[in-house]
Amino acid sequence: MGNGSAKVYVQSTEGIHFDDVAGEDEAKESLTEIVDYLHNPKKYTDVGASMPKGILLVGPPGTGKTMLAKAVAGEASVPFFSISGSEFVEMFVGMGASKVRDLFKQAKEKAPCIVFIDEIDAIGQKRNSGRLGGNDEREQTLNQLLTEMDGFESNNGVIILAATNRPESLDPALTRPGRFDRRVPVELPDLQGREAILKVHAKKIKLADDVDFRTIARMAAGASGAELANIINEAALRAVRGGRTVVGQSDLEESIEVVIAGYQKKNAVLSNKEKMVVAYHEIGHALVAA
Ligand code: ADP
């Protein structure tokens, strides 16, 4: 066990670029510097500048953090290694640390490259955060990660991107200078962002002439990129169910409700109190949409 036990590090061949990620202009802007550095490290080292070793992508699930990390690799045409923090938690004692070692060994051989750690909070939670006995496996994995990050020079071309939606739960040792010392917020899309994301995903489906993405974007306030992608797909499925060959405005409007609120419950029993709470809640949506 140990070495070679798992093929967790995928080298991305999908070729995702910044253009595929709609909206998120601020995030893209701060990641462009990384791409530029990977293209031309000399420009930076000549001045004596060093790139941050680690960058934390912070934002709610489904906002495109994984996509952005892949896009950085795609834009810079460098290999992309990815692993999820939650994978470590399921492992035998001692395996987590050896996987981290393994990952960095491979990454250094392939440098310049991007290492992406999804759900870093699964291993990077504050140590001794009150739980009795703690979790040795997690701590060992975290310690190994810190050791690896300290072990390499900041200009060797390995850039670590990590994603989390709970930055406050991270161990301060991780966010210390020299480790993950840069934060890139990846927020839920605004109206324009939602419209752009809908359009990107709508390229895959056949649309009726009456489709107005601005209205859909307005109605889907608060939806993440992943939810918007899902809305498009649900609408296409609904069109098929209705025996139509193109997706219409009503399909899209109906699927917003399905994706955000779930399918209509036909026989749930609600108390009067619950009905009232739901009514107030829904009026809120109606007002916002109007
Ligand atoms: P995260 O890593 O933040 O949870 P992902 O990058 O895995 O989110 O996004 C999940 C899916 O949602 C993507 O595969 C994509 O289809 C869609 N998506 C999310 N954000 C965007 C965006 N800004 N532009 C286009 N598609 C998006």
Side-chain angles (χ1 to χ4, degrees), residues 1-12 27 31 52-73 79-107 113-152 158-188 224-227:
M1 293 214 264
N3 269 352
S5 60
K7 272 247 155 275
V8 277
Y9 326 126
V10 236
Q11 193 168 333
S12 167
L31 292 172
K53 289 180 188 174
I55 296 160
L56 212 51
L57 301 170
V58 179
T63 43
K65 297 184 290 298
T66 310
M67 269 190 112
L68 279 167
K70 283 188 183 160
V72 172
F80 176 81
F81 295 94
S82 115
I83 192 162
S84 169
S86 60
E87 284 171 47
F88 290 113
V89 182
E90 299 150 10
M91 279 190 275
F92 300 112
V93 176
M95 291 281 282
S98 91
K99 254 194 189 162
V100 171
R101 223 174 298 131
D102 203 26
L103 172 66
F104 278 89
K105 191 163 152 278
Q106 290 195 41
C113 67
I114 301 285
V115 173
F116 178 63
I117 309 175
D118 203 1
E119 300 176 65
I120 192 161
D121 36 287
I123 44 169
Q125 272 169 34
K126 288 195 184 75
R127 285 170 284 193
N128 308 321
S129 55
R131 255 183 300 149
L132 208 61
N135 180 337
D136 280 350
E137 177 58 7
R138 202 174 52 71
E139 283 192 16
Q140 279 178 25
T141 310
L142 175 57
N143 288 336
Q144 187 64 38
L145 178 63
L146 297 176
T147 312
E148 292 290 345
M149 288 192 82
D150 291 341
F152 66 80
V158 179
I159 304 264
I160 310 165
L161 299 178
T164 178
N165 57 347
R166 290 181 302 158
E168 70 289 342
S169 75
L170 292 180
D171 197 293
L174 263 179
T175 46
R176 228 182 56 186
R179 290 164 182 167
F180 288 97
D181 46 10
R182 188 181 288 185
R183 253 181 217 210
V184 175
V186 185
E187 306 286 350
L188 286 173
S224 68
E227 281 168 333

Could you tell me which residues satisfy salt bridge (charged side-chain N to carboxylate O under 4.0 Å, His left out) with [X], sequence neighbours excluded, listed by chain and number?
| X | result |
| --- | --- |
| Glu227 | none |
| Arg101 | none |
| Asp118 | none |

Looking at [Y], is its backbone amide N or carbonyl O close enough to the side chain of [X] to form a donor-acceptor pair, meaning the two atoms are under 3.5 Å apart?
| X | Y | answer |
| --- | --- | --- |
| Lys53 | Met149 | yes |
| Arg182 | Pro52 | no |
| Asp150 | Thr147 | no |
| Arg179 | Ala173 | yes |
| Lys65 | Pro60 | yes |
| Asp102 | Ser98 | no |

Indicate yes or no: at least one non-hydrogen side-chain atom of [X] is less than 4.5 angstrom from one of [Y].
| X | Y | answer |
| --- | --- | --- |
| Leu170 | Leu56 | yes |
| Val115 | Phe80 | no |
| Phe104 | Leu145 | yes |
| Leu146 | Asp171 | no |
| Ile160 | Phe180 | yes |
| Ile114 | Phe81 | no |
| Leu68 | Leu161 | no |

Drop me the distance from Leu174's CG to Ile120's CD1, to the nearest 0.5 angstrom.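 Leu174 atom CG to Ile120 atom CD1 measures 5.0 Å (nearest 0.5 Å).
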In this structure, NZ of Lys70 is separated from OG of Ser82 (nearest 0.5 Å) by 7.0 Å
Please give me the minimum heavy-atom distance between [X] and [Y], naming the atom from each residue.
| X | Y | result |
| --- | --- | --- |
| Asp121 | Ala163 | OD1-O, 4.2 Å |
| Ser86 | Glu119 | OG-OE2, 3.5 Å |
| Ala73 | Pro79 | CB-O, 4.4 Å |
| Asn165 | Pro61 | ND2-CD, 3.6 Å |
| Ile123 | Gly85 | CG2-O, 4.0 Å |
| Ala27 | Pro185 | CB-O, 3.9 Å |

For the pair Val184 and Val58, evaluate side chain to side chain contact (heavy atoms under 4.5 Å, CB included) and give the outcome as yes or no after the intermediate values. CA-CA 6 Å; Val184 175; Val58 179; over 6 Å; no
Compute whether any side-chain donor of one residue and acceptor of the other, for Ser169 and Gln125, lie under 3.5 angstrom apart.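 Distance-only check fails for Ser169 and Gln125.
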Do Glu148 and Gln144 meet the criterion of a side-chain donor-acceptor pair at a distance under 3.5 Å? yes
Would you sort out whether Leu57 and Thr164 count as a side chain to side chain contact (heavy atoms under 4.5 Å, CB included), showing the intermediate values? CA-CA 6 Å; Leu57 301 170; Thr164 178; over 6 Å; no
